[in-house]
Amino acid sequence: MTGSVQNASDTSEVNAVRPIGVAVLGMGNVGAEVVRIITDNADDLRARVGAPVEIRGVAVRDLSRPRKIGQELLTDDPASLIARDDVDIVVELMGGIDPARALIRTALESGKSVVTANKALLAEYTGELASAAAEAKVDLYFEAAVAGAIPVIRPLMQSLAGDTVERVAGIVNGTTNFILSEMDETGADYADTLAEAGRLGYAEADPTADVEGYDAAAKAAILASIAFHSRVTAADVHREGISSVTAADLVAAKKFDCTIKLLSICERVRDVDGSQRVSARVYPALIPLTHPLATVNGAFNAVVVEAENAGRLMFYGQGAGGSPTASAVLGDMVMAARNRVHGGRGPLESTYASLPIAPIDDVFTRYYISMRVADRPGVLAQVAGEFTKRSVSIAAVRQEGAGDDARLIVVTHRAPDRAQSDCVAALEDMDAVIKVSSVLRLEGTDD
Ligand SMILES: NC(=O)c1ccc[n+]([C@@H]2O[C@H](COP(=O)([O-])OP(=O)(O)OC[C@H]3O[C@@H](n4cnc5c(N)ncnc54)[C@H](O)[C@@H]3O)[C@@H](O)[C@H]2O)c1
Ligand SMILES: N[C@@H](CCO)C(=O)O
Ligand code: NA
């Protein structure tokens, strides 16, 4: 036989190889698809791995529910399943911190490789889990945890391992992108669009993690850790959700040739003294309609990576959903299985740079501020004065309406976020400003 991948029908050699045993924990949206693909694609997987891939068991909560897998493979005892000698790879798809954390640790410590899509867990405990994997010389893979099917973890960890990543910015939450796209397209308000997202199955029963930016922040922590070889956890990520974005904000954004997206931004901050820090932040921001992320609509995700030598790279596709996420899980599972058959290991966690976190106050941002003001001479000068005092330069001012409905919209140039938020606080205290109705950042511009 020539070549490293055998023909699926040429099984004489691989039959002699010990099968790779897989335990799947959780059979929900993603787990059910993973089980389906392993079952349907058994011949191809065997040829690609170099050994048969066999499901040893699937841990579920409710044994009585009908499932598309033999009842004999189901168990409600995940700990006993992963302890089996014939399990080589544990695929964790139950989500949440407990008991997933302990089960994954135990699996790694007993020499099993682990594949997980659990971003909430990884954003807190990658350090602990990666150490356990390194100690036991096994693999810990998690491509599905960020942007579902879209390859972003592996490109950052492997393809760009020789480059210097400056920035990773993207739309990594499908639910919120669907909501903002719908609001933009239909003019509907936030509450109605959220309800629609629930009806279509995008938003969860409790949509807090999505709409308040926790999910996007967990993904930002994972991306920033890898991109900047530093440990970044969810608590290090500045987070603002989309629940205060209004239909009027989207209409106003259009007047500036912009749209609004919930962005996860991971940036290498280069300070004037030559030192470096990491900024990881999530917030809804205006971006120009000409920016590549502006065209990412519906439940789609996209990630733009900027690296010193590679330049700008963009990754786009389905960031959520059972089969797209299962595709990424399967990719990881095949890698882990190949390593068990042929030897070798995936890359270890790399945190050698240990860059400190730059608080949001220090990060240079641009602001878009919309306010209702008294319609009388001198107000514009007074408002502008608050920006001048704090060395924040104004890029554009637009006045709309008149009388009781007089509104000012100010867009600033780049300045430390603290100076920008101090300007907003000062505007809120001004007699001439009736109400600061909207404050958003502006991203994706060069100035
Ligand atoms: N659905 C997506 O689009 C998507 C995308 C990327 C990552 N993820 C991640 O993948 C994981 C799974 O997501 P999902 O959408 O399939 O969730 P889900 O809620 O549909 O499935 C989880 C399943 O695990 C089961 N489970 C939970 N605790 C268990 C336990 N102790 N023992 C046995 N079974 C248990 C639940 O009963 C449920 O059926 C999560 O970590 C999620 O964040 C999901
Ligand atoms: N709730 C997440 C699932 C994918 O991680 C989303 O809407 O993107
Ligand atoms: Na991915």
Side-chain angles (χ1 to χ4, degrees), residues 23-35 57-65 67 74-82 91-104 115-123 141-157 170-180 194 197-198 200-220 222-223 226 241-242 262 264 282 296 298-303 315-332:
V24 180
L25 312 185
M27 200 174 174
N29 288 320
V30 184
E33 282 303 287
V34 164
V35 167
V58 181
V60 296
R61 262 208 190 116
D62 180 0
L63 284 171
S64 65
R65 257 182 65 187
R67 318 223 181 219
L74 297 179
T75 174
D76 57 3
D77 181 1
S80 299
L81 173 61
I82 64 173
V91 177
E92 185 277 308
L93 297 167
M94 24 191 234
I97 306 293
D98 296 315
R101 176 184 174 195
L103 290 168
I104 291 177
V115 175
T116 177
N118 194 333
K119 58 251 169 166
L121 177 67
L122 291 161
Y141 287 130
F142 46 87
E143 180 59 71
V146 181
I150 310 170
V152 285
I153 302 293
R154 195 162 294 130
L156 281 170
M157 229 181 224
I171 296 166
V172 293
N173 183 269
T175 305
T176 47
N177 202 52
F178 170 81
I179 293 172
L180 292 173
L194 174 60
L200 289 170
Y202 293 129
E204 321 225 348
D206 176 4
T208 313
D210 290 318
V211 299
E212 296 304 341
Y214 291 99
D215 179 75
K219 291 164 177 168
I222 296 169
L223 289 173
I226 297 168
I242 64 160
L262 182 71
S264 291
V282 171
V296 177
F300 278 81
N301 283 191
V303 177
F315 303 84
Y316 170 84
Q318 297 191 68
S323 12
T325 308
S327 166
V329 171
L330 261 291
D332 283 352

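As the structure lists them, so they are numbered: ligands from 1, and atoms in each ligand from 1.
Of all atoms in ligand 2, listed by their number and element, those nearer than 4.0 Å to a heavy atom of G319 are 4 (C). Atoms of ligand 1 lying under 4.0 Å from at least one heavy atom of A144, given by number and element, are 6 (C), 7 (C). Residue D215 has at least one heavy-atom neighbour below 4.0 Å for each of these atoms of ligand 2: 2 (C). Close approach of ligand 1 to A59 (heavy-atom distance below 4.0 Å) involves ligand atoms 33 (C), 34 (N). Listed by number with element, the atoms of ligand 2 under 4.0 Å from a non-hydrogen atom of A320 are 3 (C), 4 (C). Against a heavy-atom cut-off of under 4.0 Å, P99 is close to the following atoms of ligand 1: 31 (N).
In terms of protein heavy-atom proximity, atom 35 (C) of ligand 1 is closest to R61 CG, 3.7 Å. Ranking protein heavy atoms by distance to atom 3 (O) of ligand 1, first place goes to G321 N, 2.7 Å. For atom 40 (C) of ligand 1, the nearest protein heavy atom (residue, atom name, distance) is G95 CA, 3.7 Å. In terms of protein heavy atoms, atom 7 (O) of ligand 2 is closest to T175 OG1, 2.6 Å. The protein non-hydrogen atom at the shortest distance from atom 22 (C) of ligand 1 is L93 O, 3.5 Å. Nearest protein heavy-atom contact of atom 32 (N) of ligand 1 is M94 SD, 3.9 Å. Atom 23 (C) of ligand 1 has its closest protein heavy atom at G28 N, 3.7 Å. At the top of the distance list for atom 15 (O) of ligand 1, counting protein heavy atoms only, stands N29 ND2, 3.4 Å. With respect to atom 3 (C) of ligand 2, the closest heavy atom belonging to the protein is K119 NZ, 3.7 Å. Of all protein heavy atoms, the one closest to atom 8 (O) of ligand 2 is G174 N, 2.7 Å. Scanning all protein heavy atoms for the shortest distance to atom 5 (C) of ligand 1 gives T325 OG1, 3.2 Å.
Side-chain atoms of V172 and V152, non-hydrogen and from C-beta on, never get closer than 4.5 Å to each other.
Ligand 1 has an N or O atom lying under 3.5 Å from an N or O atom of K119, backbone or side chain. The distance criterion of under 3.5 Å between nitrogen or oxygen atoms is met by V30 with respect to ligand 1.
The distance from the CD1 atom of I242 to the CG atom of L180 is 4.5 Å, given to the nearest 0.5 Å. In this structure, the separation between CD1 on I82 and CG on L103 is 5.0 Å, given to the nearest 0.5 Å. For the atom pair CD1 (I171) and CZ (F178), the distance works out to 14.5 Å, reported to the nearest 0.5 Å.
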For this session: Dump the intermediate steps for side-chain contact (heavy atoms from CB on, under 4.5 Å) on K119 and D215, then the final yes or no.
Result: CA-CA 8 Å; K119 58 251 169 166; D215 179 75; 2.8 Å; yes
For this session: Assess whether side-chain contact (heavy atoms from CB on, under 4.5 Å) is satisfied between E33 and L330, documenting all intermediate values.
Result: CA-CA 10 Å; E33 282 303 287; L330 261 291; over 6 Å; no
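Residue-level proximity to ligand 2 for T176 is absent, since no heavy atom of it falls below 4.0 angstrom. Only the side chain of D210 comes within contact range of ligand 2, with a heavy atom under 4.0 Å; no backbone atom does. Contact annotation for L25 and ligand 1: no heavy atom of the residue comes within less than 4.0 Å of the ligand.
At a threshold of 3.0 Å, the Na ion (ligand 3) has a backbone or side-chain N, O or S atom of V146 nearer than that distance. Residue side and main chain included, G148 places an N/O/S atom under 3.0 Å of the Na ion (ligand 3). One of the N, O or S atoms belonging to I150 lies under 3.0 Å away from the Na ion (ligand 3).
Atom 19 (O) of ligand 1 is never approached by the protein to below 4.0 angstrom, counting heavy atoms only.
With no hydrogens or angles considered, a side-chain donor-acceptor pair links D206 and T208 at under 3.5 Å.
Nearest heavy atom pair, residue A117 against residue L93, reads CB-CD2, 3.7 Å. Shown here for G174 and N301, the closest heavy-atom pair between the two residues is N-ND2, 3.5 Å. Here the closest heavy-atom approach between residue I150 and residue Y316 is recorded as CD1-C, 3.8 Å.
No side-chain donor-acceptor contact under 3.5 Å links E92 to the backbone of L25. Of the possible donor and acceptor atoms, one in the side chain of D332 sits under 3.5 Å from a partner among the backbone N and O of E143.
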